[in-house]
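Reading through the structure tokens given below for one structure.
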Amino acid sequence: MKRIYVASPYAGDVEQNATFAKQACRHVMNEGHACFAPHLLYPSILDDSQPHQRQAGLDMGLAMLSACDELWCYGDHISHGMMLEIEQAARLGIPTRRVLMQENGFVIGNARNPQQAQAPAMAMGMC
């Protein structure tokens, strides 16, 4: 069973984004893997509106990335926090996948395939 780090947008419409992150975690589990979504964990412990606490949550999430086998990026938007996670995965040599929502559910792309992945340039070249 792989350990999958789930990255998806959080800030903005927090309620909708948290619901989407839970769907992403369910998708990972349905694929037969274990999931870790720091943006579902740390905001329940820390105050995301306080810059130093938000940064602590980001830092702790990045610290856990090294224990994961892959980073899966969900959604059609790469947020600032997700970009930090993608860059850290690249530094650690952790494979990154892009997962997009289609009409019939999630579709897993490969960071090497720009037509499916559409990840930022740094993420595209890291695998």
Side-chain angles (χ1 to χ4, degrees):
M1 179 181 295
K2 288 183 182 179
R3 294 168 303 219
I4 306 300
Y5 188 106
V6 174
S8 66
Y10 181 76
D13 187 342
V14 172
E15 188 174 326
Q16 181 178 344
N17 290 341
T19 297
F20 183 73
K22 290 174 188 176
Q23 292 171 339
C25 288
R26 176 70 61 191
H27 176 252
V28 169
M29 292 185 291
N30 288 342
E31 293 291 312
H33 308 299
C35 62
F36 176 68
H39 53 307
L40 291 179
L41 171 63
Y42 295 122
S44 69
I45 301 167
L46 302 168
D47 183 351
D48 200 55
S49 69
Q50 298 294 319
H52 66 284
Q53 289 190 39
R54 175 174 169 72
Q55 188 60 51
L58 290 169
D59 292 344
M60 287 186 280
L62 292 175
M64 293 300 295
L65 182 56
S66 63
C68 295
D69 299 303
E70 294 181 8
L71 168 69
W72 289 10
C73 296
Y74 283 82
D76 59 0
H77 170 72
I78 301 293
S79 68
H80 174 72
M82 292 171 70
M83 181 53 75
L84 295 175
E85 293 162 333
I86 291 167
E87 291 170 350
Q88 180 70 357
R91 283 190 287 277
L92 296 171
I94 295 172
T96 297
R97 291 185 166 216
R98 187 71 192 269
V99 186
L100 301 174
M101 179 67 94
Q102 299 287 323
E103 192 172 305
N104 59 350
F106 288 109
V107 175
I108 301 173
N110 184 320
R112 288 186 210 145
N113 185 340
Q115 283 73 35
Q116 286 184 317
Q118 297 178 10
M122 180 169 207
M124 297 293 260
M126 71 184 197
C127 289

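Numbers here simply count residues along the sequence, with the first being 1.
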Query raised in the report: Transitively linked via ILVMFWY side-chain contacts under 4.5 Å: Phe36 with Leu40?
Result: no

Query raised in the report: Is Leu84 linked to Tyr5 within one hydrophobic cluster, defined over Ile, Leu, Val, Met, Phe, Trp and Tyr using a side-chain heavy-atom separation of less than 4.5 Å?
Result: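 Cluster IDs for Leu84 and Tyr5 differ.
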
Where is the tightest heavy-atom contact between [X] and [Y], given as atom of each residue plus distance?
{"X": "Ala7", "Y": "Glu85", "answer": "CB-OE1, 3.2 Å"}
{"X": "Pro9", "Y": "His77", "answer": "CG-O, 3.7 Å"}
{"X": "Met29", "Y": "Cys35", "answer": "CG-SG, 4.2 Å"}

Query - Residues in side chain to side chain contact (heavy atoms under 4.5 Å, CB included) contact with Leu92, at least two apart in sequence or another chain - result: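 Leu92: side chain to side chain contact (heavy atoms under 4.5 Å, CB included) contacts with Leu65, Ser66, Gln88, Ile94.
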
**Report entry** Sequence neighbours excluded, every pair satisfying salt bridge (Lys or Arg N to Asp or Glu O under 4.0 Å) that has a member inside residues 33-43
**Finding:**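 Applying salt bridge (Lys or Arg N to Asp or Glu O under 4.0 Å) to every pair that reaches into residues 33-43, excluding sequence neighbours, yields nothing.
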
Requested in this report: May I have all residue pairs that pass salt bridge (Lys or Arg N to Asp or Glu O under 4.0 Å) and include part of residues 18-46, sequence neighbours excluded?
Outcome: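 Qualifying pairs: none.
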
Requested in this report: Please indicate whether Asp76 has more than 12 foreign heavy atoms, meaning atoms of other residues, nucleotides or ligands, lying under 6.0 Å from its CG.
Outcome: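 Atom CG in Asp76 is not crowded, with 12 or fewer foreign heavy atoms closer than 6.0 Å.
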
**Report entry** Inter-residue atom distance Arg97.CZ - Ile4.CD1, 0.5 Å rounding
**Finding:** 8.0 Å

Query raised in the report: Which pairs count as side chain to side chain donor-acceptor pair (under 3.5 Å) when at least one residue sits in residues 11-20, sequence neighbours excluded?
Result: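 Found none.
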
Requested in this report: Sequence neighbours left out, what pairs pass ring-ring contact (aromatic ring centres under 6.0 Å, His included) with at least one residue falling in residues 38-65?
Outcome: none

Query raised in the report: Does a side-chain heavy-atom distance below 4.5 Å link Arg98 with Ile78?
Result: yes

Atom pairs and distances, donor-acceptor, side-chain atoms in residues 67-74, under 3.5 Å, two or more places apart:
unit_1	atom_1	unit_2	atom_2	d
Asp69	OD1	Arg3	NH2	3.4
Asp69	OD2	Arg3	N	2.7
Glu70	OE1	Trp72	NE1	2.7
Glu70	OE2	Lys2	NZ	2.6
Tyr74	OH	His27	ND1	2.7

In a table with atom names and distances, give each donor-acceptor pair under 3.5 Å that connects a side chain of residues 55-63 to protein atoms at least two apart or in another chain.
unit_1	atom_1	unit_2	atom_2	d
Gln55	NE2	Asp59	OD1	2.8

Query - Val14: hydrophobic cluster co-members (side-chain, 4.5 Å) - result: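 Under the 4.5 Å side-chain rule, Val14 groups with Tyr10.
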
**Report entry** Residues which pass side chain to side chain donor-acceptor pair (under 3.5 Å) with Ser49, listed by chain and number, not counting sequence neighbours
**Finding:** Asp47

